[in-house]
Asks: 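The structure is given below, and queries will be raised subsequently.
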Amino acid sequence: MADTTITLAPSAAMTTGSITVTASAALFTAADVGRHLSIKQTPPGRAANTAYGVAQVFFSSYAGVERLYRVTGAGTTAAQSLAGTTPNYDLNAPREIGNAVTDGTCVLKYLGQGKHVWGFGIITGYTSSTQVTVLVDPRGPFVATAGSYNWKLGDWSDARGWPAAVTIHAGRVWYLSSTTRPQTLWASNTGDFDNMTPTEPDGAVLDTHAITITLDDDQINRGVWLLTFKKDLAVGTASAEFTVAAASNTGALSPNNVRAVHQTDRGSAEAVA
């Protein structure tokens with residue numbers, strides 16, 4: 001969810017802890033507490049002979065290419081430009097693993113090409129329709145304080161509803177159906193059940209990232225239950241049943257390799273306590 005007429009501005013560039021996020025116009029309600037929030041920002045450019053702390057993010061331009069880095073070992077950057085960005089660092093494999101980059105006494109992690117990153121957090125406090133408190137997710141720190149038109153608010157909240165069903169399937173936690181998105185499924189990152197981040201900080205989508213898929217049908221089918229099988233995830237709705245699996249049998253279930261197939265029209269009643 002985003003509104004291109006409203007900007008969101010963090011109170012500080014933070015890698016952990018709480019910040020205040022201010023909207024340029026009325027946006028928030030008290031029911032947004034507990035909701036995820038992400039903002040796309042431009043981090044500062046690398047500076048030579050400068051001390052950097054762990055988890056800080058910057059971009060460096062070399063040979064006409066802008067590249068993003070996260071500091072994994074605190075230190076001071078070299079006096080010259082960062083020329084250690086060999087083609088190997090432009091592969092997907094080094095993301096968050098292996099192949100550290102040395103810059104003076106700093107140790108860096110290559111995050112990808114470009115100079116824009118997503119910061120992630122959870123709304124923990126409501127002050128007004130234009131201001132909330134956000135707990136920063138260290139996996140996607142906020143890197144600047146300028147207002148940004150590029151932001152997203154999570155699908156779940158007291159106002160928008162919470163998932164109606166949950167199960168574990170294919171190394172992920174799966175959630176089904178909310179009040180405002182009755183036939184949508186959400187899945188966590190692979191092997192990281194508490195992690196629902198959809199991309200790398202630079203926006204790249206890897207196979208292990210969270211999945212969101214909406215059942216494609218000619219009517220609204222509010223989700224009721226989930227059941228895991230060896231290969232497929234069965235989904236029961238008020239008027240039909242579906243299976244969710246990898247779209248291609250040659251690849252793993254992932255954000256870019258997933259599909260839902262309509263199987264039957266029996267339907268299920270919602271459980272009543």
Asks: Is the side chain of S254 donor-acceptor paired with the backbone N or O of D207 at a distance under 3.5 Å, no angle test?
Replies: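 Side chain of S254 to backbone of D207, a donor-acceptor pair under 3.5 Å: no, none is there.
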
Asks: Do any N or O atoms from the side chain of E66 and from the backbone of S61 form a donor-acceptor pair under 3.5 angstrom?
Replies: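 No; zero donor-acceptor contacts below 3.5 Å.
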
Asks: Judged by modelled atom types alone, do Q263 and T243 share a side-chain donor-acceptor pair under 3.5 Å?
Replies: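 Yes, a side-chain donor-acceptor pair sits under 3.5 Å.
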
Asks: Say you draw a straight line from NE2 of H116 to CG of L68; how long is it, rounded to the nearest 0.5 Å?
Replies: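 If we round to the nearest 0.5 Å, H116:NE2 and L68:CG are 9.0 Å apart.
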
Asks: Can you give me the closest heavy-atom contact between F58 and G45, atom names plus distance?
Replies: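 Nearest pair, atom of F58 first, then G45: CB-C, 4.2 Å.
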
Asks: For G121 and V134, which heavy atoms make the closest approach, and how far apart are they?
Replies: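 Result for this residue pair: CA-CG1, 3.7 Å.
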
Asks: What heavy-atom pair brings A144 and A13 nearest, and what distance separates the two atoms?
Replies: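 Heavy atoms only, the tightest pair is N-CB, 3.9 Å.
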
Asks: Check the hydrophobic clustering (I, L, V, M, F, W, Y; side-chain heavy atoms under 4.5 Å; chains of links allowed) and say if V224 and L176 are grouped together.
Replies: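 V224 and L176: separate clusters.
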
Asks: Is there side-chain contact between V235 and L215, with at least one heavy-atom pair below 4.5 Å?
Replies: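 Of all side-chain heavy-atom pairs linking L215 with V235, at least one is under 4.5 Å.
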
Asks: Mind listing the closest non-hydrogen atom pair of W151 and I6 along with its distance?
Replies: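 Shortest heavy-atom separation between W151 and I6 comes out as NE1-O, 3.0 Å.
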
Asks: With a 4.5 Å cut-off on side-chain heavy atoms, are R160 and R35 touching?
Replies: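 Answer yes - side chains close enough.
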
Asks: Would you say I19 and F142 make side-chain contact, with heavy atoms under 4.5 Å?
Replies: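 Counting from C-beta outward, I19 and F142 do come under 4.5 Å.
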
Asks: T214 vs T184, test: side chain to side chain donor-acceptor pair (under 3.5 Å). Steps then yes/no.
Replies: CA-CA 4 Å; T214 298; T184 295; 2.9 Å; yes

Asks: Which distance, rounded to the nearest 0.5 Å, do you find between the CZ of R222 and the OG1 of T237?
Replies: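 Output value for this atom pair is 11.0 Å.
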
Asks: A side-chain contact here means heavy atoms from C-beta on lying under 4.5 Å apart; do V244 and D232 qualify?
Replies: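 A side-chain contact under 4.5 Å is absent here.
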
Asks: Between E241 and R266, is there a donor-acceptor pair closer than 3.5 Å when you use the side chain of the first and the backbone of the second?
Replies: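 It does hold such a pair.
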
Asks: Say whether L153 and M196 are linked into one hydrophobic cluster, either directly or through other cluster members, by side-chain heavy-atom distances under 4.5 angstrom.
Replies: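 Unlinked, L153 and M196 end up in two clusters.
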
Asks: Verify the cluster assignment for V136 and I122: are they in a single hydrophobic cluster under the rule of side-chain heavy atoms below 4.5 Å apart?
Replies: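 In one cluster with V136: I122, no.
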
Asks: Where the side chain of T77 meets the backbone of T50, is there a donor-acceptor pair that is under 3.5 Å apart?
Replies: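 Yes; at least one donor-acceptor contact below 3.5 Å.
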
Asks: So that I know where these two stand, are Y175 and W156 an aromatic pair - ring centroids less than 6.0 Å apart?
Replies: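 Yes, the ring of Y175 comes within the 6.0 Å limit of the ring of W156, centre to centre.
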
Asks: What I'd like to find out is whether the side chain of V166 reaches to under 4.5 Å of the side chain of L226, using heavy atoms alone.
Replies: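 A side-chain contact is absent here, since even the closest heavy-atom pair is not under 4.5 Å.
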
Asks: Assess the side chains of T199 and W118: does a donor N or O sit below 3.5 Å from an acceptor N or O?
Replies: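 Side chains of T199 and W118: no pair found under 3.5 Å.
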
Asks: Atom OG1 of T179 and atom CG of D158: how far apart are they, to the nearest 0.5 Å?
Replies: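 One gets 10.0 Å once the value is rounded to the nearest 0.5 Å.
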
Asks: Taking all heavy atoms of S18 and all of L135, pick out the closest pair and write down the distance.
Replies: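 Closest approach of S18 to L135: OG-CD1, 3.8 Å.
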
Asks: Using a 6.0 Å cut-off, check whether atom CG of N49 has over 12 heavy atoms from anything other than its own residue.
Replies: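 More than 12 heavy atoms, drawn from other residues, nucleotides or ligands, come within 6.0 Å of this atom.
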
Asks: Taking the side chain as everything from C-beta on, heavy atoms only, tell me whether T22 gets closer than 4.5 Å to V132.
Replies: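 Contact flag for T22/V132 side chains = no.
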
Asks: Looking at S60 and R46, what are the two nearest heavy atoms and their distance?
Replies: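 Of all heavy-atom pairs spanning S60 and R46, the closest is OG-CD, 4.0 Å.
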
Asks: Any chance you could measure L108, atom CG, to T72, atom OG1, to the nearest 0.5 Å?
Replies: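 Reported value, rounded in 0.5 Å steps: 6.5 Å.
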
Asks: In Å, rounded to the nearest 0.5 Å, how long is the span from CH2 of W186 to CD1 of I213?
Replies: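 Here the interatomic distance stands at 12.0 Å.
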
Asks: Could you give the distance from NZ (K231) to CG (L233), rounded to the nearest 0.5 Å?
Replies: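 Rounded to the nearest 0.5 Å, the NZ-CG separation comes out at 15.5 Å.
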
Asks: Would you find a donor on one side and an acceptor on the other, under 3.5 Å apart, between the side chain of Q131 and the backbone of S128?
Replies: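 Looks like no, no N/O pair under 3.5 Å.
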
Asks: Under 3.5 Å, side chain of D32 to main-chain N/O of T29, donor-acceptor pair present?
Replies: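 Checking the backbone N and O of T29 against the side chain of D32, a donor-acceptor pair under 3.5 Å is found.
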
Asks: Please answer whether the main-chain N or O of T228 pairs with a side-chain N or O of H169 as donor and acceptor at a distance below 3.5 Å.
Replies: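 Side chain of H169 to backbone of T228: no pair is present.
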
Asks: By the definition side-chain hydrogen bond (donor to acceptor under 3.5 Å, both in side chains), identify the one residue from T167, N195, T190 that meets it with R172.
Replies: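 Single pass found, and it is T190.
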
